[in-house]
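For reference, the structure discussed in these notes is given below.
Order of the sequence lines sets the chain letters (A, B, ...), proteins ahead of strands, with each chain counted from 1. Every value quoted in this text rests on a predicted model; they were computed, and no experiment measured them.
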There are 2 protein chains.
Amino acid sequence: MSPLKPGPRPERGDATREALLGAAVTVFARDGFDAARTRTIAAAAGVNQALIGYHFGNKAGLYRAVFEHLAAAIETHLQPARATLAAELGQGTPGRPGRARCLALLGEVTDAFVGLMTSAESAPWARLIIREQQAPTAAFDVLYARVMAPFAQDLEALVTRLAPARDTLEVRLAVLSLIGQVLVFRTARAAVERFTGWRALGEDEVAVVRAHLRDNLRRLFAPAGRRA
Amino acid sequence: MSPLKPGPRPERGDATREALLGAAVTVFARDGFDAARTRTIAAAAGVNQALIGYHFGNKAGLYRAVFEHLAAAIETHLQPARATLAAELGQGTPGRPGRARCLALLGEVTDAFVGLMTSAESAPWARLIIREQQAPTAAFDVLYARVMAPFAQDLEALVTRLAPARDTLEVRLAVLSLIGQVLVFRTARAAVERFTGWRALGEDEVAVVRAHLRDNLRRLFAPAGRRA
DNA sequence: AATATCTGGTCATACGATTAAATTAATCAA
DNA sequence: TTGATTAATTTAATCGTATGACCAGATATT
């Protein structure tokens, strides 16, 4: 490579970092920051415990890195949905979508969100985020700015089209109501399962939830003066 | 374990137990079970650390006792609302309330729930419960049976009156949607404040939320075939 | 040779639990 | 009312342990 001193080192520790991040997401989500043991994380990653200090400084550094990792992961996860919306709602587009189309789009976004909140894969992510909401640290700012705010703004744009009469605050509260209706299936999962009698949220149950929420959407954004 | 009999022994350690429970709610809610230090709790209670062991066996025993304490506290907190409902919906009552009355009752219950979820006083309770939902222990069973299930059943009874066409599962999902719309103001408080621009949820903001949710109720349970 | 990465081992610390002794308050005999 | 008796409660101190951080040396890569 470059014969000179500042040559880019081949970063051969990348695999180790990835393994540690992957294991850390799981363990931090399961046990929380304090209960999570660096030895447990290292073992799950199949890596020496001292490497946490080497690569991330310390346990807190690893935690921070996990959230940056997370933000990036969710960003790419929601990218397709955001792209569709941008294409249809973007300023450059000719024919603006009508009410029916907006409702359909909102339904699709909701479906995707439900999928994210119920999927087993995302359970660790969600747990970490919920934990962080209870006592926001600097990690939360990254997450809000990169993931939550853009998502909420997408919803806001759609709801504004569907309920043009409402002012900004009313629209945002409507967005939060929508988010709440989905979020409950993650934040209150234990109670949800007991109350519905479901033993788990598999594909069938998720389909029922989606249908129910679409129904809610129709009612919540029914045009004034007409049937719900 | 402490003696249960209220017999001749005057239970002079009651004050200590109360102080420990009060301090434990705060500290467990703020720090979580693992991060909470028995020394911190004891100091906050103004009591010797060893008394945790003496009165509750150990840290886990104190945690369990906190949840029993909590269940009792919330029970009495929701008692008036439940009594009203029981009086109006009870089997023994003569004239069953009509749709409008049911909607009004549902609005009142929702208002009370919003008050509970936004009050600073209940913040520690809510945090504990949210934590417990993520990884339910035996403490959760007590809480669900004594607090959550009765509350959800009250809501279910009301919703059933308002939407008699729906089957049990649909009604229960409607109840969960309702709960979710309120819960989001606690579980996602950090995001809510950023998104609405509110710096805190004071009386004014709570009033706006309540009005918004009543509006949602009207739309969600609008009689079929008529205006929302 | 030089640097990045990894390893096994160690260390100081903070933790929950426990103990033995001290203190408090109720009960009773006189 | 007294002082003695007894059990409940409280205290200060200590114990064993598990933890996160750290280090000196080994190994791999260029």
Treat primed atoms plus P, OP1 and OP2 as sugar-phosphate and everything else as base, then score nucleotides 11-20 of chain D 5' to 3': B for base contact with protein heavy atoms under 4.0 Å, S for sugar-phosphate contact only, - for none.
BB-B----SB
Can you tell if the side chain of Met148(A) reaches within under 4.5 Å of the side chain of Gln133(A), non-hydrogen atoms only?
yes
Under 4.0 Å: is that the gap between some side-chain N or O of Thr16(B) and OP1 or OP2 of dT10(D)?
yes
Please state whether the phosphate of dA4(C), meaning OP1 or OP2, lies under 4.0 angstrom from any side-chain nitrogen or oxygen of His55(A).
no
Protein-nucleotide distance (Leu62(B), atom CG; dA17(C), atom C1'), rounded to Å
14 Å
When the distance from OH of Tyr54(B) to P of dA20(C) is rounded to whole Å, what number comes out?
16 Å
Separation of atom CG in Leu20(A) from atom C1' in dC6(C), rounded to whole Å
12 Å
Can you name the side chain to side chain contact (heavy atoms under 4.5 Å, CB included) partners of Ala23(B), sequence neighbours left out?
Ile41(B), Ala44(B), Ala45(B)
Could you tell me which non-hydrogen atom of Leu20(A) sits nearest to which non-hydrogen atom of Leu62(A), and how far apart they are?
O-CD1, 4.4 Å
Using a strict cut-off of less than 4.0 Å between a Lys/Arg side-chain nitrogen and an Asp/Glu carboxylate oxygen, indicate whether Arg199(B) and Glu193(B) qualify as a salt bridge.
no
Residue list, side chain to side chain contact (heavy atoms under 4.5 Å, CB included) with Pro150(B), at least two apart or on another chain:
Arg82(B)
Are the side chain of Arg189(A) and the backbone N or O of Phe185(A) linked by a donor-acceptor pair below 3.5 Å?
yes
